[in-house]
Trainee: 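After the structure tokens below, expect a handful of questions from me.
For reference, positions follow the sequence shown, starting with 1.
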Amino acid sequence: MAEQEVRTETEQEVPGTEGSAEENTEARTAEETAEEGGTSSETATESAEEETETVPPEGEDPKTWAEKRAAKKQAKLDKKSQGYKEQIEQLEDKVKRQLAEFENFRNRTEKEKHAMFETGAKSVVEKILPVVDNFERGLATVPEDRKEDPFVDGMERIYKQLLTELENMGVKPIEAVGKEFDPNLHNAVMQVESEEYESGVVAQELQRGYTYRESVVRHSMVAVVQ
């Protein structure tokens, strides 16, 4: 009796298990069917869109519709082409502006560098001119009978070499005596009477002036006929 009851209970449980498996199988089948149906629906929509684009509407001439479609496509291409063209023009304009700015910067830098060089050179010349003045004062005090002395001859040669190098740099003495007074070149410190020169003419040079590349480094200190 006990074995029969166990067998009966087992037989009652098995059908329940089989029914559960069948239900699970049916559920999976339903899900797969739903997925396939969704995929089919999407494919159908895409196909419909393609047919809408490629098939002319009812009642419209296929040739006319194809021409309109081609014109529409060409219009889109032209619009894109115009957009690219405008972008290219903007880039070209930007490049030109940058090149112009760079050229201006280069020219400005060259001018500034040249001006700095000129300022530095003038400063050096100004410091050398007092040395030239001292050479001239010293040589002017040498007696006539000592001018052939080797030491004096050596100083004379050094003085001439210094003037030559200054001239090669662009330094030149300002002409003063016998020239009409020019405030841009001469600095009048006194007035004198003269039978040789007319009024307003430089009669005497007290200190020589110099120019460096057409720019006055030091004005001539002169006496002018009153």
Side-chain angles (χ1 to χ4, degrees), residues 10-128 165-172 182-185 210-218:
T10 305
E11 290 176 355
Q12 288 177 354
E13 290 176 359
V14 171
T17 304
E18 291 178 356
S20 177
E22 290 176 357
E23 290 176 359
N24 293 335
T25 303
E26 290 177 358
R28 287 197 299 270
T29 304
E31 290 178 358
E32 293 175 357
T33 304
E35 291 178 357
E36 291 177 357
T39 305
S40 301
S41 177
E42 293 177 357
T43 304
T45 303
E46 293 177 357
S47 300
E49 290 178 354
E50 291 179 358
E51 290 179 358
T52 302
E53 293 179 356
T54 56
V55 179
E58 295 182 1
E60 187 170 354
D61 185 11
K63 184 176 180 181
T64 304
W65 176 84
E67 292 176 352
K68 290 181 179 179
R69 187 162 177 264
K72 186 177 180 181
K73 185 180 293 185
Q74 185 63 38
K76 289 182 179 180
L77 293 175
D78 291 343
K79 187 176 181 181
K80 285 185 178 180
S81 177
Q82 183 64 26
Y84 294 148
K85 184 177 180 181
E86 291 177 357
Q87 291 180 1
I88 291 172
E89 290 177 352
Q90 291 175 359
L91 291 173
E92 288 179 347
D93 182 67
K94 187 176 181 179
V95 171
K96 289 179 181 178
R97 289 176 181 273
Q98 290 179 344
L99 289 175
E101 290 177 359
F102 176 76
E103 185 66 20
N104 293 335
F105 170 76
R106 190 176 67 83
N107 294 335
R108 185 169 61 253
T109 303
E110 288 293 331
K111 289 181 180 179
E112 291 175 354
K113 184 169 67 174
H114 180 73
M116 291 176 63
F117 175 82
E118 293 295 317
T119 302
K122 287 179 67 176
S123 178
V124 173
V125 171
E126 288 176 357
K127 290 178 172 62
I128 293 176
E165 294 300 326
L166 288 174
E167 185 177 358
N168 292 335
M169 290 173 58
V171 179
K172 296 180 180 179
D182 184 352
N184 296 320
L185 301 174
Y210 292 88
T211 60
Y212 171 68
R213 295 184 180 181
E214 308 302 327
S215 176
V216 177
V217 178
R218 188 177 73 182

Trainee: Atom CZ in R97, atom NZ in K94: separation rounded to 0.5 Å?
Mentor: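 Between R97 CZ and K94 NZ, I get 11.5 Å after rounding to 0.5 Å.
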
Trainee: For atom CD of E214, is the number of surrounding heavy atoms from other residues, nucleotides or ligands below 6.0 Å larger than 12?
Mentor: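 Incorrect, the count does not exceed 12.
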
Trainee: Any side-chain donor-acceptor pair under 3.5 Å between K85 and S81?
Mentor: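 K85 vs S81: no donor-acceptor pair found between side chains.
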
Trainee: Please tabulate, for the side chains in residues 102-112, all donor-acceptor contacts under 3.5 angstrom to protein atoms that are two or more places apart in sequence or on a different chain.
Mentor:
unit_1	atom_1	unit_2	atom_2	d
E103	OE2	R106	NH2	2.7
N104	ND2	A100	O	3.2
N107	ND2	E103	O	3.2
T109	OG1	F105	O	2.7

Trainee: At what distance, to the nearest 0.5 angstrom, does OH of Y210 lie from CG of L166?
Mentor: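 Result: 7.5 Å between the selected atoms.
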
Trainee: Would you mind reporting whether R213 and E118 have side-chain heavy atoms less than 4.5 Å apart?
Mentor: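 The answer is yes, as the side chains (C-beta and beyond) meet within the 4.5 Å cut-off.
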
Trainee: Do the side chains of V171 and V217 get nearer than 4.5 Å, heavy atoms only?
Mentor: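 They are not in side-chain contact.
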
Trainee: Kindly indicate, with the supporting measurements, whether the criterion side chain to side chain contact (heavy atoms under 4.5 Å, CB included) is fulfilled by E165 and N168.
Mentor: CA-CA 5 Å; E165 294 300 326; N168 292 335; 4.1 Å; yes

Trainee: Keeping the roles fixed (side chain from S123, backbone from T119), state whether a donor-acceptor pair exists under 3.5 Å.
Mentor: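 No, the answer is negative, given that no donor and acceptor are paired below the 3.5 Å cut-off.
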
Trainee: With rounding to the nearest 0.5 Å, note down the distance linking CD in Q82 to CD in Q87.
Mentor: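 The CD atom of Q87 is 11.0 Å from CD of Q82, to the nearest 0.5 Å.
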
Trainee: Once rounded to the nearest 0.5 Å, what's the spacing between atom OG1 of T211 and atom NZ of K122?
Mentor: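 Interatomic distance, T211 OG1 to K122 NZ, rounded to 0.5 Å: 10.0 Å.
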
Trainee: With side chains defined as the heavy atoms from C-beta onward, is the minimum distance between D93 and Q90 less than 4.5 Å?
Mentor: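 When only atoms from C-beta onward are counted, Q90 and D93 do not touch, as no gap falls below 4.5 Å.
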
Trainee: Can you tell me how far the NZ atom of K73 sits from the CG atom of D78, to the nearest 0.5 Å?
Mentor: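 Rounded to the nearest 0.5 Å, the NZ-CG separation comes to 13.0 Å.
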
